Visitor: 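First, the structure itself, so that you have it in front of you.
Along the sequence shown, residues are numbered consecutively beginning with 1. Atom set for the values below is all heavy atoms of this structure, side chains included, hydrogens, waters and symmetry mates excluded. Bear in mind the structure is a predicted one, so any value in this text is a computation, not a measurement. First listed ligand is number 1; within each ligand, the first listed atom is number 1.
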Amino acid sequence: MSETAKNLQDSHGANKKTETLPDAVLWHMVYEKLQEHVPQQFFFAFFEHLKVENYDGKTLRLSGQNPQIVEHIKKRYLKLLTDLASQAAEQPVEVELTSSGKPQRPPSLVNQERNYPQTIHLNPNYTFERFIKGPSNEHAYSAAKGVAERPGEFHNPLYIYGGVGLGKTHLMMAIGNEINKTKPWLKVQYTPAESFQSDLVEAVRNGLHAHFKARYRNVDVFLFDDIQFIGQRAEYTQEEIYHTFNYLFQNKKQIVISSDRPPQQLSKLHDRLQSRFHSGLVIDIKPPNLETRLAILQARSEEMKLKISFDVLRYLASRFTGQVRTLEAALVKLQFYSEHEKRPIDLQMAKLALRDLPQEDSGPQVTIDEILRVVARTFQVNEEDIKGASRVENVALARHVCMYLARQILPSLSLAQIAQAFGRSDHTTVLHAEKKVKELADRDDAFRVQLQELRAELQF
Ligand code: ADP
Ligand code: MG
């Protein structure tokens, strides 16, 4: 802030509440803040020639020469201007923009920026309060909460992965919403990987690479959603992600990444990037168990003010076992049905209304890789060894258990598929493994309990 503005502000600081800031001072404060939010070339092109007309304590009136620029500012920046002016004045301020000049051709920068994607806003409903915890997601919840409380300090980067519709985006946005509320001075940037990529392409096409960099590096908390969408051939994007993360990381900025798979399965993603993920916290979300599904349904139906009996909720919770999104969809559908038919929801209506929703729309949530991972961890052996030729007793047992669990949990897979997944060509190996495991479980109580726990861990 310039010296004059500081002096002016100081002389008014003492009784700011009762006295109105002079218009020039208010505009100066807004102008300074604005530079932090608007990339430089746009900032100078659009805001330098704005003039402050007056400020009456309620409305800040600004004017510009070029009507197209004024229109553009109104469309794109009015909310930001209003926010900044209100912050500066410490009270609600409206901003009005008028233009004095004749219509002219829009400057090319206006077109450039128009093509440039806008920031994606956080969904205000995605908060920690609205997130229902259960054994399937409580670790992810705590990690996210930790990040929101102390961004950049630990769990950096935080990598959350799990199937579709299990609450990854919800948790990420909850981090953003919470930080915006408790630490409004930090800049939060939420970006789905796909928009990062299209943004980059657009920026390069328009010669705005520097703008792109400024946009993604000038942040304190970077929420990067669905990184698996960055294709393996998108080397340029991968390179850019690498540099962006590196920059943020070196500057102790918080990075949160979501994905539908663990980092090691982002096959072609930069090796250097992968080791970076592993230096932080990698955590998974699983499909909610029955109890959690019931709790989610209860919370949602209360929010929707839906009169619905526990029987019906239990029916829904046992029928839809995959995504949380489907549970919500079922409630919306029931609400519609009940309003349409003008009668309360009962079990019969639920069965009828939801008959065309797929039983289990997300397919098997557990994958071979997950079985491999959990078993390897439990038996403290290497995943690679399980798939390899080792005959070491513990490794062979782990391999048998993997095959046994795959048979139990993934009935849609053929013997040959299971054999292949564990590096075997002969499908009778699987039958042999299954038999061995069953025999051992019959003999050995501790082993039987271990098997049960493995199953529970994989399926809930
Ligand atoms: P993902 O990003 O993992 O695909 P979303 O975060 O988009 O999933 O979640 C899908 C829907 O389910 C959202 O409406 C979200 O609010 C809701 N949801 C998911 N998990 C929970 C939970 N544990 N508690 C409450 N709502 C949830
Ligand atoms: Mg998502």
Visitor: Should we count CD of Gln417 as having more than 12 external heavy atoms under 6.0 Å?
Guide: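 Counting other residues, nucleotides and ligands, CD of Gln417 exceeds 12 neighbours.
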
Visitor: With heavy atoms of Arg325 as the reference, note each atom of ligand 1 found under 4.0 Å away.
Guide: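 Those of ligand 1 that fall under 4.0 Å from Arg325 are 4 (O), 7 (O), 8 (O), 10 (C), 12 (O).
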
Visitor: Mind checking whether Tyr126 and Phe131 have ring centres under 6.0 Å apart?
Guide: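 No, they do not, as the ring centres are separated by 6.0 Å or more.
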
Visitor: Taking non-hydrogen atoms only, is Arg130 closer than 4.0 angstrom to ligand 1 via side chain, backbone, both or neither?
Guide: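 For Arg130, the contact with ligand 1 is made by the backbone alone.
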
Visitor: Nearest to atom 13 (C) of ligand 1 by heavy atom, Tyr141, Phe131, Tyr126: which?
Guide: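 Nearest option to atom 13 (C) of ligand 1, by heavy atoms: Tyr126.
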
Visitor: Does Phe336 have more than 12 heavy atoms from other residues, nucleotides or ligands lying within 6.0 Å of its CZ?
Guide: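 No, CZ of Phe336 has 12 or fewer neighbouring heavy atoms, counting only those of other groups under 6.0 Å.
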
Visitor: How are the rings of Tyr236 and His209 set to each other: parallel, tilted or perpendicular (split at 30° and 60°)?
Guide: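 Tyr236 vs His209 ring planes: tilted.
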
Visitor: Return all protein N, O or S atoms below 2.8 Å from the Mg ion (ligand 2), chain by chain in residue order.
Guide: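 Result, waters dropped: Thr169 OG1.
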
Visitor: Is Ile132 in polar range of ligand 1, meaning some N or O pair under 3.5 Å apart?
Guide: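 Looking only at distances, the answer is yes, because the N/O contact criterion of under 3.5 Å is met.
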
Visitor: Please confirm whether the ring centroid of His400 lies under 6.0 Å from the ring centroid of Tyr404.
Guide: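 Centroid distance His400-Tyr404: not below 6.0 Å, so no.
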
Visitor: Test: salt bridge (Lys or Arg N to Asp or Glu O under 4.0 Å). Region: residues 245-257. Which pairs qualify, not counting sequence neighbours?
Guide: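 Every pair satisfying salt bridge (Lys or Arg N to Asp or Glu O under 4.0 Å) with a residue in residues 245-257: Asp220-Lys253.
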
Visitor: Using ring centroids (six-membered ring only for Trp), state whether Tyr31 and Phe47 fall under 6.0 Å.
Guide: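 Ring centres of Tyr31 and Phe47 not closer than 6.0 Å.
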
Visitor: Does ligand 1 have any atom sitting under 4.0 Å from a heavy atom of Gly163?
Guide: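 Flag set, Gly163 near ligand 1.
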
Visitor: Which residue and atom name correspond to the protein heavy atom nearest atom 11 (C) of ligand 1, and how close is it?
Guide: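 For this ligand atom, the closest protein heavy atom is Glu328 OE1, 3.6 Å.
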
Visitor: Looking only at distances, can you tell me whether any N or O atom of His170, backbone or side chain, sits closer than 3.5 Å to an N or O atom of ligand 1?
Guide: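 Yes; at least one N/O pair falls below 3.5 Å.
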
Visitor: Would you find more than 12 non-hydrogen atoms of other residues, nucleotides or ligands less than 6.0 Å from Lys187 atom NZ?
Guide: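 Yes, because the 6.0 Å sphere around NZ of Lys187 holds more than 12 heavy atoms from other groups.
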
Visitor: Looking only at distance, does Gly165 have an N or O less than 3.5 Å from an N or O of ligand 1?
Guide: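 Between Gly165 and ligand 1 (N or O atoms, distance only) the closest approach is under 3.5 Å.
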
Visitor: To the nearest 0.1 Å, how far is atom 8 (O) of ligand 1 from its closest protein heavy atom, and which atom is that?
Guide: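 Residue, atom and distance for the closest contact: Gly167 N, 3.1 Å.
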
Visitor: May I ask you to list the atoms of ligand 1 that are less than 4.0 angstrom from any heavy atom of Asn137?
Guide: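 Counting from 1, the qualifying ligand atoms are 23 (N).
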
Visitor: Among all protein heavy atoms, pick out the one at the shortest distance from atom 12 (O) of ligand 1; state its residue, atom name and that distance to 0.1 Å.
Guide: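 Looking only at protein heavy atoms, the one closest to atom 12 (O) of ligand 1 is Val324 CG1, 3.3 Å.
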
Visitor: For this output row, return yes or no: ring centroids of Phe224 and Phe245 closer than 6.0 angstrom.
Guide: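 Judged by ring-centre distance (under 6.0 Å), Phe224 and Phe245 do meet the cut-off.
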
Visitor: May I ask whether Arg300 places a heavy atom under 4.0 Å from ligand 1?
Guide: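 Under 4.0 Å: yes for Arg300.
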
Visitor: Heavy-atom contacts under 4.0 Å between Ile285 and ligand 1: side chain, backbone, both, or neither?
Guide: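 For Ile285, there is no contact with ligand 1 at all, from either part.
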
Visitor: Counting only heavy atoms from other residues, nucleotides and ligands, does the tally under 6.0 Å from NZ of Lys436 exceed 12?
Guide: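 Result for NZ/Lys436: open.
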
Visitor: Taking only heavy atoms of Thr169, which atoms of ligand 1 are found under 4.0 Å from at least one of them?
Guide: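 Counting atoms of ligand 1 from 1, those under 4.0 Å from Thr169 are 1 (P), 2 (O), 6 (O), 7 (O).
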
Visitor: Considering the heavy atoms of Val164, write down every atom of ligand 1 situated less than 4.0 Å from one of them.
Guide: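 Contacts of ligand 1 toward Val164, numbered from 1: 4 (O).
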
Visitor: Taking the ring centre of each residue, are Tyr242 and Tyr247 less than 6.0 Å apart?
Guide: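 So the answer is no for these two rings.
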
Visitor: Tell me, please, whether Tyr161 has Lys168 positioned over its six-membered ring: NZ or CZ under 6.0 Å from the ring centre and within 45 degrees of its axis?
Guide: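 Pair Lys168/Tyr161 does not count as cation-pi.
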
Visitor: How about Lys33: does its NZ atom have over 12 heavy atoms from other parts shown lying under 6.0 Å from it?
Guide: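 No, the 6.0 Å shell around NZ holds no more than 12 heavy atoms from other groups.
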
